[in-house]
Asks: 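Structure below; questions to follow.
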Amino acid sequence: MTHSKKEKIFENLFLIFLFSFFVTGLILFLLFGYNIFGSKRGLVLSASFIVVLFLTLISLFFSLRDFCLLYILTLPFFLRLNVTRFYFEISSIKFHPITLSVIFFIFVGLTKIFIEGKFPKKSDIKDFLLNFSFIFMLTGGIVSSLLTETVVGGEKVVSFFSAIFAFLIPFFLFFIFSNTFKNLEEIKKILIFFILSFFLNTISGFLNILTKFDPVELFLNRASFNFIGPNVYAATSLIFIPLTFYFLNEEKGNKKFLFFLFFIFINLSLLMTISRGGLLSLLLIYILFFILVKDFRKNVATLFYISVGIGALTFGLLFNVISRFFNIFTRAKVTEFSTLIRVNAWKLSLEQIPKNPLGIGGNQFPKLWRNFGAFPEQLVLHSHNLMLGLTLEYGIIAIIGFLYLNGYLLYSLFTLFQRSSGTVKKLSISFFISILSFFFMGTISEGPRAHLNNERFLTNDPLIIYYIFLGIVYSFLKVVKNEKENSDNISS
C-alpha cells in the first residue's frame, strides 16, 4: 500500500471520528441543554456548539494552515463569551467557553499535523532545548501543585489546573503554529489575520462599553474589552501595536489606511484601560522604533502626535489618567491596587521565594498575602510582577524554562535584525519589540499567566494569544533559516 493511500485512510477515519463526536455532542445538548442550563446559558451553549460544528466541517476540507487562520478569526467570538455568564465547572473551578475552543483546536491541529506530515523531520540542539523548556515549565508547575497544601495550605486542584493552563496548553499552541507556516508570505498572512481578529475583539469591546455605560461616564471607567481585566487586555494589545505599525509602514493605498484604522483603535483601547504599565510600554514601543528603525522615524513621530491628540480629545480619560498618577505618587496610604500594594507584593515575593524555591502553587498568592501581606484585608490576586510571580508560584524549575524560551527568541530576533535587511530586518525588530514591551509591562503589572479571579474563573486568554504569537515568531525564524540554507546550497 502506497504512502498516499495510507494517508487517505487515516484522513477518512479522522473525518468519520470527528463527525461522530460532534453529532453526539449536539444530541447531548438537545437532550440536556436548555432545561439544565437555563435559557441564556442554553442559547450560548447552542451557539458554541454551532461554531464548533462549523469549524469541524471546515477543518475537513481545508489544510492545517487555513484551519489556523479560521480559528484565529473566531477568537473574538469566544472572547466575547467571556462577558456572558455561561461557563462549565470542574471541582468548583469555572471555565469560559474559550477553553473548549482551545482544546478542540489542539485536538484537530495535532491530528492534522500527523496527517499532513508536518512534524519536524530534523532538529538541532537549539530546537530540542526550546521544546524541552516547556517540560521544565510543566514540571515546575506540577511539583508546586503537589507542595501547595504543605507550604501555604493551598488548593491542589486549582494549582494543578493552573499549571496545565499556564504551560501544557500553551505548548501545544506553540507547537502547532511553529510547524504550520513554511514561507514568509504565509507568515505575513497569518499576522494580518491575527491583527484583524484582535481588532474585531476591540470593536466588540467598544460596542459593549457603549451599550453598558452612560456616554458622560464612558471614559471614567476602565475598559477590559472582553478580557478578564484592563491590565490583561493592555498587556495583550502590546503584542499587536508593533505588528500593526510594521504593516502600516510597509503597505500602500487602501491597505495602509486600513492598518492606520487598526492602529488608532487599538491605541485608543489601550488608553481606555487606564493601565500605567500599558501606557509606559506604549511609550517604550515608540522610543524603540524611533531609535532602531530609521525608515520608520517619520511615521513614528506622526503616530505619536496622533496618540497624544487622541488622549487630549478624550478629556475624561486623560483627566482620569492624570488624577490617578497624581494620587498614586502623593497620598500616604493607598487603598486600591496601586503603587503601595505593588511594592509590598514585590517585597513579599522576594522574601518568600528563597523559602519556597519549588513554588507555592499556581494562583496561591492570595493565601500567601492573607497570611503575610502588608494589607491582608485587601484582595491581591498576584504579585504584580511577571518574573517574581512565576518564580514564587511555580518555582525555579519553571522560571528557568520560561526564561530560556523567551530569552532565546529575543536574542535570535535581535541578532537577525542586526544581520539582515529589508522585510526580514523590519519584521524581526517588530517581533522583538512586541515581546520586549510585553515583558516590560510584566515587570510592573500583569504578564502572561493563568488567572484565577475572585469568582473562581480560571482563564488563560493572554497566554492563548501570547503563545500563538510565539509560535508564529519561531516559525518565522525557521523560515528565514531554511531560506538561507537553501540559498547557500544553490550558490555552492
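Values below: every heavy atom of this structure, side chains too, minus hydrogens, waters and symmetry copies. One-based numbering along the sequence shown.
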Asks: Under 3.5 Å, side chain of Ser412 to main-chain N/O of Leu409, donor-acceptor pair present?
Replies: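 Not confirmed, Ser412 side chain does not pair with Leu409 backbone.
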Asks: Name the orientation class of the two ring planes belonging to Phe95 and Phe165 (parallel below 30°, tilted from 30 to 60°, perpendicular beyond 60°).
Replies: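 Plane angle between 30° and 60°, so tilted.
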Asks: Without swapping roles, check the side chain of Thr148 against the backbone of Ser144 for a donor-acceptor pair under 3.5 Å.
Replies: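 Not confirmed, Thr148 side chain does not pair with Ser144 backbone.
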Asks: Is any side-chain heavy atom of Ile98 less than 4.5 Å from a side-chain heavy atom of Asn460?
Replies: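 They are not in side-chain contact.
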Asks: Ignoring hydrogens and angles, tell me if any N or O in the side chain of Ser133 forms a donor-acceptor pair with the backbone of Leu130 under 3.5 Å.
Replies: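 Looks like yes, one N/O pair under 3.5 Å.
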Asks: Under 4.5 Å between any side-chain heavy atoms of Ser430 and Phe289, yes or no?
Replies: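 With C-beta onward as the side chain, the pair touches.
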Asks: Do Val102 and Tyr71 come within less than 4.5 Å of each other through their side chains, counting heavy atoms only?
Replies: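 Side chain of Val102 against side chain of Tyr71, heavy atoms only: contact under 4.5 Å found.
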Asks: Hey, does Ser224 have a side-chain heavy atom less than 4.5 Å from the side chain of Val232?
Replies: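 They are not in contact (no side-chain heavy atoms under 4.5 Å apart), so the answer is no.
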Asks: When the aromatic ring centroids of Phe402 and Phe439 are compared, is their separation below 6.0 Å?
Replies: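 Here the rings of Phe439 and Phe402 have centres that are less than 6.0 Å from each other.
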Asks: Check the angle between the aromatic planes of Phe177 and Phe181 and answer parallel, tilted or perpendicular using the 30° and 60° thresholds.
Replies: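 Plane angle between 30° and 60°, so tilted.
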Asks: Aromatic ring centroids of Phe245 and Phe259 under 6.0 Å?
Replies: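 Ring centres of Phe259 and Phe245 not closer than 6.0 Å.
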Asks: Would Leu477 and Leu413 count as a side-chain contact (heavy atoms from CB on, under 4.5 Å) if you check the C-alpha gap in whole Å, the side-chain angles of each, and the deciding distance to 0.1 Å?
Replies: CA-CA 8 Å; Leu477 291 172; Leu413 288 168; 3.9 Å; yes
Asks: Surrounding NZ of Lys255 (heavy atoms of other residues, nucleotides or ligands, distance under 6.0 Å), is the total greater than 12?
Replies: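 No.
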Asks: Got Leu458 and His451 here, is their nearest side-chain heavy-atom distance under 4.5 Å?
Replies: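 No, too far: nothing below the 4.5 Å cut-off.
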Asks: Does the side chain of Thr273 reach to within under 4.5 Å of the side chain of Ser269, using non-hydrogen atoms?
Replies: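 No. Closest side-chain heavy atoms not under 4.5 Å.
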Asks: Using the ring of each side chain (for Trp, its six-membered ring), is Tyr466 parallel, tilted or perpendicular to Phe438, with breaks at 30° and 60°?
Replies: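 Judged by the thresholds at 30° and 60°, the geometry between Tyr466 and Phe438 is parallel.
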Asks: Quick check against the 3.5 Å criterion: does Ser383 have a side-chain atom that pairs as donor or acceptor with the backbone of Gly389?
Replies: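 Confirmed, Ser383 side chain pairs with Gly389 backbone.
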Asks: So, Gln418 side chain and Leu416 main chain: donor-acceptor pair closer than 3.5 Å or not?
Replies: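 Looks like no, no N/O pair under 3.5 Å.
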Asks: With sequence neighbours left out, which residue pairs that include part of residues 176-201 fulfil the salt bridge (charged side-chain N to carboxylate O under 4.0 Å, His left out) condition?
Replies: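 Residue pairs with at least one partner in residues 176-201: Arg65-Glu186.
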Asks: I want to know whether Phe469 and Phe194 have ring centres closer than 6.0 Å.
Replies: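 Centroid separation for Phe469 and Phe194: 6.0 Å or greater.
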Asks: Give a yes or no on this: more than 12 heavy atoms of other residues, nucleotides or ligands lie within 6.0 Å of atom CZ of Phe160.
Replies: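 Not buried by this count: 12 neighbours or fewer within 6.0 Å.
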Asks: Measure the CG-CG distance between Leu79 and Asn226 for me, rounded to the nearest 0.5 Å.
Replies: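 That separation rounds to 6.5 Å.
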Asks: When you measure from the side chain of Thr99 to the backbone of His96, do you find a donor-acceptor pair of N or O atoms at a distance under 3.5 Å?
Replies: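 Yes, Thr99 side chain to His96 backbone: donor-acceptor pair under 3.5 Å.
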Asks: Could you tell me whether the side chain of Ser475 and the main chain of Asn179 form a donor-acceptor pair under 3.5 Å?
Replies: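 Not a single qualifying donor-acceptor pair exists.
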Asks: Working note: Ile169 + Leu463, criterion side-chain contact (heavy atoms from CB on, under 4.5 Å); need CA distance, chi angles, decisive distance, verdict.
Replies: CA-CA 9 Å; Ile169 290 176; Leu463 284 174; over 6 Å; no
Asks: Evaluate the criterion side-chain contact (heavy atoms from CB on, under 4.5 Å) for residue pair Ser162 and Val158; output intermediate values, then yes/no.
Replies: CA-CA 6 Å; Ser162 297; Val158 169; 4.1 Å; yes
Asks: How are the rings of Phe240 and Phe198 set relative to one another: parallel (under 30°), tilted (30 to 60°) or perpendicular (over 60°)?
Replies: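 Phe240 vs Phe198 ring planes: parallel.
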Asks: For Phe132 and Phe136, take the angle between the two ring planes, folded into 0 to 90°, and tell me which bin it lands in: parallel under 30, tilted 30 to 60, perpendicular over 60.
Replies: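 Rings of Phe132 and Phe136: perpendicular, over 60°.
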Asks: Side-chain contact test, heavy atoms from C-beta onward, threshold under 4.5 Å: evaluate it for Thr443 versus Asn385 and give yes or no.
Replies: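 A side-chain contact exists here, since the closest heavy-atom pair is under 4.5 Å.
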Asks: What distance separates Thr202 OG1 from Leu268 CG, expressed to the nearest 0.5 Å?
Replies: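 Reported value, rounded in 0.5 Å steps: 9.5 Å.
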Asks: To the nearest 0.5 Å, what is the distance between CE (Met272) and CZ (Phe265)?
Replies: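 One finds 10.5 Å between CE of Met272 and CZ of Phe265.
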Asks: CZ/Phe134 to OH/Tyr467 distance, rounded to the nearest 0.5 angstrom?
Replies: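 That separation rounds to 5.5 Å.
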Asks: Verify side-chain contact (heavy atoms from CB on, under 4.5 Å) between Ile429 and Leu288, making sure each step is shown before the conclusion.
Replies: CA-CA 9 Å; Ile429 197 60; Leu288 289 174; over 6 Å; no
Asks: With a 6.0 Å cut-off on ring centres, are Phe174 and Phe171 close enough?
Replies: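 Phe174 vs Phe171: aromatic centres not under 6.0 Å.
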Asks: For residues Asn201 and Tyr233, is any side-chain donor paired with an opposing acceptor at under 3.5 Å?
Replies: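 There is no such pair between these side chains.
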Asks: To the nearest 0.5 angstrom, please state how far the CD1 atom of Ile468 sits from the OG atom of Ser197.
Replies: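 Between Ile468 CD1 and Ser197 OG, I get 8.5 Å after rounding to 0.5 Å.
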Asks: To the nearest 0.5 Å, what is the distance between CD1 (Ile266) and CZ (Phe199)?
Replies: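 Output value for this atom pair is 7.5 Å.
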Asks: Once the angle between the rings of Phe104 and Phe67 is folded into 0 to 90°, is it parallel (under 30°), tilted (30 to 60°) or perpendicular (over 60°)?
Replies: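 The arrangement is perpendicular - the two ring planes meet at more than 60°.
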Asks: Just grab all the salt bridge (charged side-chain N to carboxylate O under 4.0 Å, His left out) pairs involving residues 413-436, residues at least two apart or on different chains.
Replies: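 Qualifying pairs, neighbours excluded: Glu250-Lys426, Asp295-Lys426.
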Asks: Check whether any side-chain heavy atom of Ile435 lies under 4.5 Å from a side-chain heavy atom of Leu470, and answer yes or no.
Replies: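 Ile435 vs Leu470: side chains touch.
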Asks: Check whether Ser434 reaches the backbone of Ile239 with its side chain - one donor and one acceptor, N or O, closer than 3.5 Å.
Replies: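 Yes; judged by distance alone, with no hydrogens or angles, the pair exists.
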